[in-house]
Amino acid sequence: MDLNKSNDAVARRVAAMVSRVEGMKASDEYYYNMPVTELRGGAKVMVDGREMGMYASYSYLGLVGHPRINKAAQDAIAKYGTGTHGVRTLAGTLDLHHELEETIAGFKRAEAAVTYTSGYVTNLTAVSTLVGRGDYVFSDKLNHASIVDGCMMSGAKFRRFKHNDMESLERMVADAPADSAKLVVADAVFSMDGDIIDLPRIVEICRKYDAWLMIDEAHSVGVLGKNGRGIEEHFDLWGAVDIKMGTLSKTIPSVGGYIAGKKDLISYLRHASRAYIFSAALPPAQAAAAKEAFQVILDEPWRVEKLNANTKQFIGGLKARGFDTMLTETAIVPVLCGADETAFAITRYAQKKDLFVLPVVSPAVPVGLARLRATVLTSHESEDIEYAMDVIAEAGRQVGVI
Ligand SMILES: *Cc1c(COP(=O)(O)O)cnc(C)c1O
């Protein structure tokens with residue numbers, strides 16, 4: 001296709017995006033796709049020749065670069081090489097994949113688990129394999145894009161309930177025919193706001209109306225619960241979630257995604273979900289790294305404790321400085337700015353002072369709710385966090401947010 005010659009809808013769409021990106025670059029507001037050249041423990045990184053404090057990473061427990069995890073990956077390469085022989089169903093399965101799935105099942109106290117090559121694809125394939133035409137799927141308004149895409153792809157009747165509003169959910173579920181198949185799906189920790197789903201209430205509703213419950217733990221594994229085992233440990237509601245979804249790319253320093261649950265459910269997904277059947281297996285190094293990481297979380301409980309302490313310091317310190325951090329209780333900390341321009345201005349200031357922190361603006365969040373979306377990590381030291389908060393406060397004062 002010659003973009004210069006055609007002026008159809010595709011060409012116009014391409015041109016509109018390119019012009020928006022170029023505009024942001026020209027006004028020094030483009031902070032995306034910045035290459036990190038060196039990991040200095042993960043809480044500090046090198047970017048463009050300077051050291052920056054990292055406040056945008058999802059390596060919550062600081063496991064990226066952990067010696068045990070690196071060694072597990074290296075040993076796996078030495079033994080199996082760098083790729084698999086295709087899809088899991090045919091020649092792609094290694095003993096390592098089974099060991100990883102057993103480890104995940106143990107960590108999540110589930111009967112079994114199945115893995116996929118990304119978290120995104122895990123949601124897409126799980127939702128669209130479990131429900132279809134004639135069924136109902138209920139999704140929190142702030143759920144991750146991969147869940148939304150899975151719901152649309154499924155062909156089921158797709159209902160979005162108000163964010164973490166259990167009355168809104170119950171009204172919708174009660175409205176669906178009693179004999180229809182129903183799936184309720186939500187993030188455990190919401191990825192833009194850092195707040196936690198009301199698990200006790202959502203479980204009650206699912207039980208009352210005989211609906212399946214799926215929870216995405218991308219930002220709760222390693223973060224919630226005394227041992228970092230996630231949302232069920234946090235609420236002491238073991239067994240409450242039917243479909244326990246998570247990624248291997250955030251706290252777990254690898255790539256991939258999983259579903260844990262009852263063994264029949266896992267067997268069904270292993271034999272019916274298209275992303276398992278038609279996409280290659282996780283590479284050996286990534287499977288081995290993920291497996292080791294779950295074991296490290298349990299062997300080094302101080303990491304979860306320190307994350308909790310750092311989170312308290314960061315949220316408490318920002319509030320004391322006059323910021324609105326919305327409803328977060330976790331390591332994802334929104335710093336409300338208001339207008340998109342204000343969020344860009346604070347980001348620009350923070351970046352100049354060597355903080356790697358990023359803005360989230362419309363349409364990713366509603367107009368008027370633009371924010372910095374900062375993450376706090378186990379690997380941050382207390383004085384790093386104080387410095388970061390002081391920089392954000394200087395910027396906030398300059399633009400009149402505080
Ligand atoms: C990051 C994320 C995913 C996707 O996981 P990847 O492993 O990055 O593909 C899914 N759900 C939520 C809530 C996420 O934050």
Side-chain angles (χ1 to χ4, degrees), residues 32-33 56-61 63-64 100-101 104 108 113-130 137 139-154 160 163-164 183-197 199 202 213-224 228 230-231 234 241 243-260 269 273-276 279-283 285-287 289-291 293-294 327-334 358 360 364-365 371 373-377:
Y32 309 104
N33 305 301
S57 161
Y58 305 131
S59 187
Y60 296 115
L61 296 180
L63 295 181
V64 66
L100 169 61
E101 287 163 349
I104 293 170
K108 298 304 300 172
V114 57
T115 52
Y116 299 91
T117 41
S118 85
Y120 178 87
V121 112
T122 302
N123 277 331
L124 213 62
T125 207
V127 174
S128 63
T129 306
L130 290 168
V137 61
S139 169
D140 187 287
K141 274 234 161 106
L142 294 192
N143 276 349
H144 190 262
S146 53
I147 296 175
V148 176
D149 294 356
C151 292
M152 292 196 297
M153 195 170 131
S154 73
R160 287 154 47 111
H163 174 50
N164 216 355
L183 172 66
V184 173
V185 51
D187 288 2
V189 169
F190 288 88
S191 56
M192 293 294 156
D193 291 44
D195 55 338
I196 303 171
I197 191 76
L199 189 70
I202 211 169
L213 178 61
M214 171 166 169
I215 298 286
D216 176 336
E217 299 225 59
H219 298 282
S220 60
V221 162
V223 174
L224 292 187
I231 187 102
H234 176 78
V241 178
I243 302 142
K244 309 173 212 293
M245 181 272 169
T247 81
L248 304 176
S249 65
K250 286 169 178 154
T251 293
I252 305 298
S254 183
V255 71
Y258 67 82
I259 302 283
L269 290 173
S273 57
R274 294 167 77 82
Y276 187 92
S279 186
L282 274 178
Q286 299 318 122
K291 176 184 156 222
F294 283 103
L327 295 175
T328 185
E329 299 175 59
T330 67
I332 297 172
V333 183
L358 292 173
V360 182
V365 291
R371 65 197 69 170
R373 177 170 167 278
T375 52
V376 66
L377 314 173

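Counting starts at 1 for both ligands and their atoms, following the listed order. The chain is numbered in sequence order, starting from 1.
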Task: Straight-line distance of Leu199 CG to Ser220 OG, nearest 0.5 Å - done: 10.0 Å
Open item on the list: Rounded at 0.5 Å granularity, tell me how far CG in Leu130 sits from CD1 in Ile259.
Closed with: 7.5 Å
Task: Selected option - heavy-atom contact closest to atom 14 (C) of ligand 1, from Glu217, Met245, Lys250, Met192 - done: Lys250
Open item on the list: Quick check on Ser146 - does any of its heavy atoms sit under 4.0 Å from an atom of ligand 1?
Closed with: yes
Open item on the list: Within ligand 1, which atoms have a heavy atom of Asp216 less than 4.0 Å away?
Closed with: 10 (C), 11 (N), 12 (C), 13 (C)
- [ ] Identify, by atom number and element, the atoms of ligand 1 in contact range of Gly256, meaning under 4.0 Å from any of its heavy atoms.
- [x] 7 (O)
- [ ] Pick one of side chain, backbone, both or neither for how Val121 approaches ligand 1, counting any non-hydrogen atom pair under 4.0 Å.
- [x] neither
Open item on the list: Quick one: does any side-chain atom of Arg160 pair with a main-chain N or O of Val148 as donor and acceptor, under 3.5 Å?
Closed with: no
TODO: Supply the atom-to-atom distance His219 NE2 to Met192 CE, rounded to the nearest 0.5 angstrom.
DONE: 7.5 Å
Open item on the list: Just to be sure I'm reading this right: ignoring hydrogens, which of Tyr58, Tyr120, Tyr116 gets closest to atom 9 (O) of ligand 1? Compare them by their nearest heavy atoms.
Closed with: Tyr120
- [ ] Give, for atom CG of Leu269 and atom OH of Tyr258, the distance between the pair rounded to the nearest 0.5 Å.
- [x] 14.0 Å
Task: Those atoms of ligand 1 less than 4.0 Å from some heavy atom in His219 - done: 14 (C), 15 (O)
Open item on the list: When you measure from the side chain of Thr375 to the backbone of Ser57, do you find a donor-acceptor pair of N or O atoms at a distance under 3.5 Å?
Closed with: yes
Task: Proximal ligand 1 atoms for Ser249, defined as those under 4.0 Å from one of its heavy atoms - done: 6 (P), 7 (O), 8 (O)
Task: Rounded distance [0.5 Å steps], CG in Leu61 versus OG1 in Thr251 - done: 5.0 Å
Open item on the list: Between ligand 1 and Gly119, is the shortest N or O to N or O distance under 3.5 Å?
Closed with: yes
Task: Ligand-side contact atoms (ligand 1) for residue partner Thr247, heavy atom cut-off under 4.0 Å - done: 3 (C), 5 (O), 7 (O)
- [ ] Mark up the atoms of ligand 1 that fall under 4.0 Å of a heavy atom belonging to Asp187, in ascending order.
- [x] 13 (C)
TODO: Run the numbers on Thr129 and Tyr276 for side-chain hydrogen bond (donor to acceptor under 3.5 Å, both in side chains), then give the verdict.
DONE: CA-CA 11 Å; Thr129 306; Tyr276 187 92; over 6 Å; no
Open item on the list: Suppose I only count heavy atoms of Asn123 and a 4.0 Å limit; which atoms of ligand 1 are within that range?
Closed with: 10 (C), 11 (N)
- [ ] Provide the number and element of each atom of ligand 1 under 4.0 Å from a heavy atom of Ala218.
- [x] 2 (C), 11 (N), 12 (C), 13 (C), 14 (C), 15 (O)
Task: Asp140 side, atom CG; Asp216 side, atom CG - distance, nearest 0.5 Å - done: 11.5 Å
